[in-house]
Amino acid sequence: MNDSPGWASPGSAPSDGKEKAIPRPSDPQDGSGPTGQWSPEQPPPGQWSPPSNPGSGPGTRPPTPGWGGGPQQQGWAGPPAAAKPGVIPLRPLSLGEILDGSVSALRAHWRTALGFSLTVSVITQIAVILMQRYLLPEPTSIDPNATGAEALRQTADSARSTLISLAPASLLSMIATLFTASVVTVIISRSVLGRPTTLADSWAEARPRVLPLLGLTVLVAVIMAAIMTVGIGPGLLLGSEAGAALAFLGFAAACVVMLWLNVSFALAAPALMLERQSIVAALRRSAKLVRGAWWRTFGILALTYLLTFLLTFLVSIPFTAIAVIADGTEVSDLFGGTAPSVGWPFLIVTGIGEVIVSTLIYPFVAGVMALLYVDQRIRREALDLDLARAAGLPGYGDNTPRS
């Protein structure tokens with residue numbers, strides 16, 4: 001056990017159906033677990049009045065609220081509250097606690113997290129603007145009256161042109177997300193323990209894992225591209241109306257498979273960062289942690305991306321309107337995708353909006369992923385006990401036995 005990312009060795013993790021033997025800090029330990037949770041001295045007989053007659057008999061105590069108004073002694077109102085050395089309580093987390101924990105960590109370390117995210121976003125957006133202005137080709141024109149094989153060919157050409165136009169910006173965004181996620185994951189790992197961190201410390205821990213994280217991201221992207229190619233390739237090769245129908249069915253099937261894999265691999269990046277896993281081992285680790293909780297993981301990720309979409313939408317609308325007014329761009333040209341017709345004012349104003357959105361979204365999503373990973377390990381592997389030891393909480397010493 002150490003206080004750096006990778007809190008517990010995954011090799012002994014009881015993730016294979018042995019969760020029921022895991023003790024919890026709030027469970028009675030029969031004198032062998034953490035001290036200070038359950039009193040070893042039980043009340044002697046004859047010292048407590050029955051609930052129906054409070055206040056009578058020798059040695060009674062004044063009635064206190066709780067459990068129907070009957071008398072109770074402090075410490076007998078239920079399990080003690082979970083320890084909270086940092087931004088989350090050390091117990092299985094709810095959806096609200098995961099989202100709030102990410103925000104709380106960013107608020108507590110805003111200079112480190114948001115400052116780094118702002119720097120990365122500004123550099124990325126400058127590169128994107130320069131590519132939009134000088135490198136990207138004009139969109140492929142489509143004849144609305146085309147039918148049959150010609151319409152399919154034009155659709156394929158348009159899709160290819162769109163992918164070529166989006167690829168550089170997507171690649172830069174992916175790299176920016178990767179750098180931000182690496183640093184924010186380290187910040188979250190320290191925030192869970194209630195420990196401060198600086199940008200220099202966070203980057204020193206994250207830097208050795210950046211290249212493996214890049215490899216993980218590229219591998220997942222290649223897997224998704226291969227699945228989509230297998231799905232729509234046969235239909236596109238036929239080049240007929242039947243081929244178009246087959247391509248649509250293949251596209252739908254590929255989307256289902258990609259969604260399932262994306263959720264299954266959602267915790268691979270935190271596992272790679274915090275457990276020092278290899279790329280393939282991190283993918284397996286994520287699938288293992290998500291197994292049995294796929295729908296819950298999907299729901300949390302769906303809500304997270306919905307919130308980021310709403311934030312992007314709310315910020316983009318005013319900046320796009322200002323950009324159109326400042327540049328004198330026609331709205332029809334804007335929605336028609338004629339990117340070369342826009343000028344510097346449009347690109348700069350919309351770029352500022354993108355920087356604001358990216359600065360907030362990159363660390364928030366990375367924080368949710370890291371806390372979702374922590375939550376799954378708490379649920380499956382009693383990571384809360386190791387985190388309590390690392391945080392130096394009383395009653396969780398190194399000599400405390402574990403199952």
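Keep in mind the model is a prediction, meaning the values are calculated, not measured.
- Summarising the geometry of Val186 relative to Ala206, their closest heavy-atom pair is CG2-CB, 4.1 Å, with the distance given to 0.1 Å.
- Interatomic distance, Leu272 CG to Ser278 OG, rounded to the nearest 0.5 Å: 7.5 Å.
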Evaluate side chain to side chain contact (heavy atoms under 4.5 Å, CB included) for Phe248 paired with Ile232, printing each intermediate quantity in order.
CA-CA 7 Å; Phe248 176 77; Ile232 67 175; over 6 Å; no
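- Using a cutoff of 4.0 Å between basic side-chain nitrogens and carboxylate oxygens, Glu275 and Arg284 are not scored as salt-bridged.
- Using a 4.5 Å heavy-atom threshold, the side chains of Leu301 and Leu372 count as touching.
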Does the pair Phe179 and Tyr362 meet the rule for a side chain to side chain contact (heavy atoms under 4.5 Å, CB included), with working shown?
CA-CA 9 Å; Phe179 274 94; Tyr362 289 165; over 6 Å; no
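- To the nearest 0.5 Å, atoms CD (Glu205) and CD1 (Ile187) are separated by 10.5 Å.
- Between Leu99 and Leu307, the closest side-chain pair of non-hydrogen atoms falls below 4.5 Å.
- Salt bridge present: Asp375 and Arg296 bring a charged side-chain N and a carboxylate O closer than 4.0 Å.
- With a 4.5 Å cut-off on side-chain heavy atoms, Val368 and Phe364 count as touching.
- Looking at heavy atoms from C-beta onward, Val290 lies out of side-chain contact with Phe265 at the 4.5 angstrom threshold.
- The two residues Ala266 and Ser286 make their nearest non-hydrogen contact at N-OG, 3.5 Å.
- Between the side chain of Ser316 and the backbone N or O of Phe313, no donor-acceptor pair lies under 3.5 Å.
- Inter-residue side-chain proximity for Leu283 and Leu219 is flagged as met; some heavy-atom pair is nearer than 4.5 Å.
- Side-chain N or O atoms of Ser117 include none that pairs as donor or acceptor with a backbone N or O of Ala113 at under 3.5 Å.
- Using a 3.5 Å distance cut-off with no hydrogens or angles, the side chains of Ser202 and Thr197 do pair a donor with an acceptor.
- For the pair Arg389/Leu385, a side-chain contact is recorded, criterion being any heavy-atom separation below 4.5 Å from C-beta on.
- The residues Glu381 and Lys288 are annotated as not salt-bridged, no charged nitrogen and carboxylate oxygen being separated by less than 4.0 angstrom.
- Nearest heavy-atom pair across Pro234 and Gly231 is CD-O, 4.1 Å.
- A donor-acceptor pair under 3.5 Å is absent between the side-chain atoms of Ser104 and the main chain of Gly101, judged by distance alone.
- Within the 3.5 Å criterion, the main-chain N or O of Ser170 finds no donor-acceptor partner in the side chain of Ser173.
- The line from CD1 of Ile175 to OG1 of Thr180 is 11.5 Å long, rounded to the nearest 0.5 Å.
- Checking Leu274, Leu267, Leu383 one by one against Arg377, the side-chain contact (heavy atoms from CB on, under 4.5 Å) holds for a single residue, Leu383.
- A donor-acceptor pair is defined here as one N or O able to donate and one able to accept, closer than 3.5 Å; such a pair exists between the side chain of Gln376 and the backbone of Leu289.
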Yes or no on side chain to side chain contact (heavy atoms under 4.5 Å, CB included) for Asn262 and Met224, after CA distance, side-chain angles and deciding distance?
CA-CA 9 Å; Asn262 271 311; Met224 299 306 160; 3.6 Å; yes
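- Considering every non-hydrogen atom in both Pro85 and Val192, the closest pair reads CG-O, 3.6 Å.
- Residues His109 and Ser191 form a side-chain contact, since some pair of their non-hydrogen atoms from C-beta on lies under 4.5 Å apart.
- Side-chain contact between Pro89 and Glu97: present, with at least one pair of heavy atoms (C-beta onward) separated by less than 4.5 Å.
- Between Phe298 and Trp295, the ring planes are perpendicular. Angles over 60° get that label, and only those under 30° would be called parallel.
- Taken from CE in Met273 to OG in Ser182, the straight-line distance is 5.0 Å, to the nearest 0.5 Å.
- Of all non-hydrogen atoms in Val355 and Thr359, the two that sit nearest each other are O-OG1, 2.7 Å.
- Rounded to the nearest 0.5 angstrom, Asp100 CG and Ile98 CD1 are separated by 11.0 Å.
- Across all their heavy atoms, Leu93 and Leu371 have their closest contact at CD1-O, 4.2 Å.
- The backbone N or O of Gln277 sits less than 3.5 Å from a side-chain atom of Arg209, completing a donor-acceptor pair.
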Check the pair Asp201, Thr112 against side chain to side chain contact (heavy atoms under 4.5 Å, CB included), reporting the backbone distance first and the verdict last.
CA-CA 10 Å; Asp201 294 337; Thr112 302; over 6 Å; no
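- Distance check, rounded to the nearest 0.5 Å: CD of Glu354 to OG1 of Thr124 gives 11.0 Å.
- Around atom CH2 of Trp260, no more than 12 heavy atoms belonging to other residues, nucleotides or ligands sit under 6.0 Å away.
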